[in-house]
Amino acid sequence: MSLRANNYYKATSLDDAYQKLKDNPKNAIIAGGLWMKKTGLSYETLIDLSELHLNEIKVNKDEIHVGALVTLRDFETNPEIKKLNGGATSFGVSEVVGPAFRNTATIGGSIFGRFPFSDVIASLLPLDVTVKLYPEQSYSLEEFLNIKGKVDGILTEIVIKKEEGKGYFHKVKATSLDFAMVNISISKRNNKHYIAVGSRPLVASLARKAMIEADKGDFKEAARLAAEELSYLDSNNISKAYRQDLVKVYVLRGLEEVNK
Amino acid sequence: MKKFKVVNNKTHSVCGQAEMMGRAVYTQDYEVPGSLVLKMLRSPHAFARIKKIDTSKAEALNGVKCVLTYKNVPHVAFSRAGQGAPQPSPIDKFILDEYVRFIGDEVACVAAINEQIAEDALKLIEVEYEVLEPVLDYKTAYKSKNVIHPEEGISQAFEMGFRPKDNVAASYEMEVGDVEKELAKCDVVIEHAAETQAQAHAMLEPHTCNARLDEHNRLVIYSSTQTPFHVRRIMAQTLGMPLSQIRIVKPRVGGGFGGKQQFHGEMFVALVTLRTGLPSSMIYTREEVFASSYTRHPMYISMKIGADKDGTIRAIDCHALSDTGAYGEHALTVFMIVGSKVLPLYNKVKAVRFGGRVLYTNHVPAGAYRGYGAIQGNYVLESAIDMLAEKLHMDPVELRKKNSMKEKETSPIFEIMGEGTKGTAMIMESCKLPYCIDRGAELIGWKEKYPRKQVGPHKVRSVGCAIAMQGSGIPFSDMGSCAITLQDGGFYMVRCGATDIGQGSDTLISQIVAEELMTTVDKVIIYSSDTDLAPFDVGAYASSTTYISGNAAWKTAIKMRERLISEAATMLEVKEKDIIFDGKTFKAGNKEISLFDLSNKLIYSAPQHQVAVTESYIGHVSPPPFMAAYAEVEVDTETGEYEVLDYVSVVDCGTTINPMLAKGQVEGGITQGFGMASTEEVIYNSKGQLLTNSFLYYHVPTCKTIKHLTTEFADSYEPTGPFGAKSVGEIGIDTPPAVLCNAIYNAVGVRINSLPITPEKILKAMKEKEGK
Amino acid sequence: MKLQFFLNGTDVVWDVRPDEYLSNALRRHGIFSIRVGCDESICGSCTVLVDEKPVLSCSVLAITVNGKHVTTVEGIQEEVARLSHFFGEEGANQCSYCGSGMAIIIHALKKEYKNPTDEQIRDFMVGNICRCTGYHSQFKAIKAYLAEGK
């Protein structure tokens with residue numbers, strides 16, 4: 001089925017966009033617009049935020065502010081992002097399909113969708129990331145992922161805390177155009193380990209017990225815990241057990257890497 | 001090696017540039033602007049009977065011009081397989097039917113003035129189904145109480161074991177010698193069985209066709225088809241039209257691989273345009289390409305191989321079951337190739353047996369797919385050969401060399417088995433397989449690398465190998481023809497039926513003609529695959545293009561050269577035998593005339609006639625191309641993941657008419673075959689719905705899949721082929737499943753007996769082995 | 001809806017539906033280099049440049065390119081002719097349905113990197129599926145094309 005929408009509306013302010021969104025349950029925000037037609041839904045009005053300067057990356061001393069409409073490609077090639085987490089965050093996002101896809105997909109769309117397979121979410125989750133919404137709301141990325149039901153508001157930006165650290169990202173995939181079978185993302189900073197596992201095939205989560213064990217220096221046990229403490233499911237092409245096996249292997253390899 | 005000027009030399013694809021530069025070349029580009037858009041209502045059930053269908057609301061929708069259901073289309077059974085006559089596939093499909101037999105099967109077709117209205121109209125069609133219990137496992141389909149084709153009016157053109165009441169589309173049995181007796185005498189017997197999946201062609205251009213009536217009200221269809229002449233014939237029969245009223249044009253095709261040998265939307269655009277008088281167009285969505293066109297036949301194949309202690313293979317026993325899905329396109333022919341293009345590789349056996357059944361299920365229909373039958377058979381046979389080598393404590397390369405086909409040898413199978421019918425005896429006039437095996441082993445570094453090397457704490461590198469053969473067209477069946485006219489200005493117009501679907505047939509036919517006429521490719525203007533303007537050719541399938549169509553072109557060019565010499569002799573008033581023609585000038589003693597002058601005089605002065613020749617070629621043998629393939633893989637022993645570091649192919653396809661395009665055929669085939677071997681998983685749910693119906697879920701190889709390909713050709717000359725050539729379109733795809741399976745076994749000691757060979761299966765098998 | 005943009009440098013005004021994708025609008029206006037292979041944001045054969053960045057035209061709403069510059073293969077003909085010469089040299093064009101999209105991605109690659117590594121070339125090519133060639137010949141052709149004049 002082709003995409004259906006009766007109107008297109010260019011919002012003049014965030015409030016304007018939000019009001020329009022509230023007008024009709026069949027109105028929707030366009031982020032990158034990828035896969036909208038795959039949903040098979042019909043829309044009344046598509047709301048475009050492109051006039052609202054949400055496609056900028058701003059850096060100050062402590063933080064990187066990434067607008068919701070920043071494309072994955074602009075994100076991953078940004079010099080500040082490249083420095084982040086030893087390059088692992090940029091690398092993780094660069095694992096999404098090809099450059100033309102990433103020139104269209106946006107940070108906001110990727111996070112707002114809370115997709116289970118998301119390499120973007122997994123890449124960011126071990127970092128200190130704040131998700132900002134309009135009307136004024138602020139969540140840690142982890143909190144945002146855990147919001148039950150529909151999120152009310154428009155994602156405007158994410159704020160990433162700049163910290164020195166080492167990182168690791170690994171996506172297990174059949175081919176480069178595949179969704180992750182699992183994705184493992186690790187950050188080590190200030191002697192603390194942050195371990196996120198996504199595509200289980202549930203949205204990425206932090207493996208908290210594993211993180212504690214990793215801080216103690218028992219990486220093998222941390223890897224075992226990461227495979228145990230989170231929930232894993234069978235999906236069409238991959239079993240729960242294999243996902244857990246992969247997590248055990250790659251969490252260990254990741255921890256060894258960030259502790260080299 | 002013989003020396004050629006055009007053939008066997010680098011020549012760019014004659015159409016590659018226009019295609020890349022975005023010119024209007026593919027079927028969709030020829031759609032009449034404003035054409036009616038066709039959309040298909042497809043079955044949500046794997047098996048059902050339509051109890052009631054009401055299209056009145058859809059028809060009443062503004063902009064809808066036509067709705068087709070089984071009630072208003074001709075009820076004539078036909079085969080969509082796109083083969084010659086008599087058709088070697090069951091005649092078991094109606095344009096639209098009261099029964100729907102897989103999720104995605106055609107229920108009703110809407111034609112509207114645009115896509116949105118057509119889609120809206122689909123939602124307005126009311127259908128009441130009697131849902132029937134589907135058959136979703138071909139291994140238990142035989143004589144199931146659920147009969148997929150209970151209807152009247154279906155048939156077989158000749159006896160092929162078609163027993164629809166038993167869910168059997170076709171069956172076949174053959175035996176040479178006494179297999180049981182030979183196996184009993186063998187020192188070593190290997191038993192092996194494995195299963196293959198319903199690979200998707202995944203050609204980039206979706207199935208596309210469009211229709212219009214010309215100024216004489218003839219039906220003109222542009223279609224991305226591999227078989228324009230078969231489409232015309234079968235359409236005329238099914239719609240009850242004279243052949244003369246149909247013209248099928250095949251523009252550039254964006255990939256076929258067998259998937260476009262069969263009918264897709266042609267019947268529907270034809271009916272809509274005939275009924276409305278308006279041009280119409282149908283383009284499959286990607287989901288329809290996956291779930292409503294055709295797949296490779298999944299098969300379960302078991303083998304017994306018996307050998308003496310010294311490694312002489314004495315007997316092969318092969319039994320297969322094949323899943324043809326809801327309809328029987330290519331059911332018999334694909335099945336027979338499991339035997340006929342695989343088992344003759346080991347031709348020194350005293351006895352060989354092959355047989356089994358092709359079963360209907362309520363899955364997406366299977367059809368032609370590059371390497372059909374051969375890739376399935378090769379995977380199982382070549383795995384079993386490695387198992388035999390291990391049991392005999394022999395190097396698998398040595399075992400293959402000892403037992404495989406050599407030049408001037410034959411196999412009794414050639415005479416017994418053809419494609420659907422009896423075969424044709426033949427001697428291998430060209431077979432450089434022993435060279436291919438040796439050279440491939442050298443290129444991969446077999447001696448140093450076999451079987452494995454630990455290269456890291458959890459990384460192992462290993463090598464694997466397999467050999468393969470194919471054919472070059474179907475003897476006494478595949479016919480190609482060509483017509484050449486000399487044009488004023490001294491260039492040639494070549495018209496041929498050979499169907500270029502991206503493999504480059506237009507290019508290599510231009511080369512063949514240019515070589516024979518001692519000219520250059522730019523003096524040869526080629527036009528192909530238009531049933532009004534080109535002479536007959538069966539189309540692009542069965543590796544027939546280089547050998548059959550190529551021979552037709554060569555024969556025609558030879559005739560043209562003879563005609564030119566005769567015309568020049570008349571004009572110069574000398575004897576034909578005294579003329580020396582170098583492609584540009586005819587010389588006899590001190591008399592001469594240039595081709596340019598001759599061509600102009602022939603048209604404008606005397607004798608004022610058109611020099612035109614037409615020839616056809618029908619194969620009397622089907623000389624097989626051969627190859628040896630090797631891969632080096634690196635396996636992660638903790639996860640089962642692996643990557644291919646190099647894939648070496650050494651191929652004997654006789655003379656390569658176009659070395660770069662031949663290489664492209666091999667490498668493209670290897671990569672597609674490797675996709676089948678590794679990542680192209682096919683998943684149905686318990687209701688019979690294909691879940692891998694998108695590039696998001698069906699994983700074809702990317703540019704990162706295989707790190708390196710090494711491809712070489714053996715110095716070989718096939719005396720019956722055009723300038724010594726054999727066909728090369730399919731051979732490349734045959735080996736990857738077996739090569740990968742063997743390499744993984746050599747790395748980690750587990751043999752994966754179902755495709756694709758996924759890391760998960762490898763790890764699971766490793767754990768099971770450790771647990772034992 | 002009225003859409004004004006620059007198509008291969010020419011200011012054009014088209015009428016598009018709010019839900020129409022750029023691929024459809026371009027083809028409707030005779031830009032045949034847009035080969036729609038999957039129409040679901042994966043295969044790459046419909047790639048075009050929007051403000052010099054490669055994007056999948058099957059996934060960009062036409063109306064969102066308002067005021068922007070869209071470049072298709074029709075706008076860089078000389079460059080694509082040159083690239084296709086190298087494809088010809090390597091036998092890298094078979095069905096070529098992926099060819100226009102590949103040409104656009106290579107244009108973008110060349111803009112971004114002066115001397116791309118093999119890895120960088122593959123990172124750009126990876127979103128463009130080719131089912132015919134096995135990629136090896138394409139990769140060699142692209143390398144030769146990029147090396148030209150260096």
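Order of the sequence lines sets the chain letters (A, B, ...), proteins ahead of strands, with each chain counted from 1. Because the structure is a prediction, the values reported are computed rather than measured.
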Q.
Quick test of your reading of the model: are K10(B) and E89(C) salt-bridged, counting only N-O distances below 4.0 Å?
A. yes
The interface call for E287(B) against chain C, heavy-atom contacts under 4.5 Å, is neither
Derivation and outcome, side chain to side chain contact (heavy atoms under 4.5 Å, CB included), residues I129(C) and L204(B): CA-CA 8 Å; I129(C) 294 175; L204(B) 266 193; 4.3 Å; yes
Okay, R28(C) and chain B: the region with an atom under 4.5 Å from a heavy atom over there is neither
*asked:* Between Y135(C) and P701(B) (side chain of the first, backbone of the second, donor and acceptor by atom type, cut-off under 3.5 Å), is there such a pair?
replied: yes
- Quick one: do R286(B) and D39(C) satisfy side chain to side chain contact (heavy atoms under 4.5 Å, CB included)? Show the steps, please. CA-CA 7 Å; R286(B) 184 48 62 180; D39(C) 211 15; 5.9 Å; no
Under 4.5 Å to a heavy atom of chain B? For I42(C) that would be side chain
(message) Looking at C703(B), is its backbone amide N or carbonyl O close enough to the side chain of R122(C) to form a donor-acceptor pair, meaning the two atoms are under 3.5 Å apart?
(response) yes
Counting heavy-atom pairs under 4.5 angstrom with chain C, the leader among Q665(B), K663(B), R23(B) is R23(B)
Within 6.0 Å of NZ in K707(B), more than 12 heavy atoms from elsewhere
no
When every non-hydrogen atom of G37(C) is compared with those of P206(B), the smallest separation belongs to O-CG, 3.8 Å
With H136(C) as partner, the option from L709(B), T710(B), I670(B) fulfilling side chain to side chain contact (heavy atoms under 4.5 Å, CB included) is L709(B)
Turns out that what part of F139(C) lies under 4.5 Å from chain B's heavy atoms comes down to neither
Counting heavy-atom pairs under 4.5 angstrom with chain B, the leader among G127(C), S96(C), C95(C) is C95(C)
Rounded to the nearest 0.5 Å, the OG atom of S137(C) sits from the CD atom of E667(B) at a distance of 6.0 Å
When the 4.5 angstrom heavy-atom criterion is applied to V700(B) and chain C, the contacting part is both
Cut-off 4.5 Å, heavy atoms of chain C, and the answer for F257(B) is side chain
Of M660(B), H708(B), E115(B), the largest count of non-hydrogen pairs under 4.5 angstrom with chain C goes to M660(B)
Rounded to the nearest 0.5 angstrom, the NE2-CZ distance for H12(B) and F86(C) is 9.5 Å
Per-residue tally against chain B (heavy atom, under 4.5 Å) across C98(C), G91(C), G88(C), G99(C) peaks at G88(C)
So CE of M203(B) and SG of C132(C): to nearest 0.5 Å the spacing works out to 10.0 Å
From the list H85(C), E74(C), Q138(C), M102(C), the residue making the most non-hydrogen contacts under 4.5 Å with chain B is H85(C)
| said: Donor-acceptor check, side chain of S100(C) to backbone of M20(B), threshold 3.5 angstrom: yes or no? | reply: yes
Of all heavy-atom pairs linking E19(B) and R35(C), the shortest is O-NH2, 2.9 Å
d(N93(C) CG, L661(B) CG) to nearest 0.5 Å is 8.0 Å
Greatest number of non-hydrogen atom pairs under 4.5 angstrom with chain C, of T671(B), V25(B), D29(B), falls to D29(B)
- Under a 4.0 Å N-O cut-off, is there an ion pair linking E680(B) with R131(C)? yes
Looking only at heavy atoms, the pair that brings Y97(C) and Y26(B) closest together is N-OH, 3.1 Å
Between E40(C) and S694(B), the two heavy atoms sitting closest are OE2-OG, 2.6 Å
task = Apply side chain to side chain contact (heavy atoms under 4.5 Å, CB included) to K704(B) and M125(C), showing your working.
result = CA-CA 9 Å; K704(B) 293 188 178 182; M125(C) 284 172 74; over 6 Å; no
Assert top hit (heavy-atom pairs under 4.5 Å, partner chain C, pool G22(B), P33(B), A18(B)) equals G22(B)
So, the part of D123(C) with a heavy atom under 4.5 Å from chain B: the answer is both
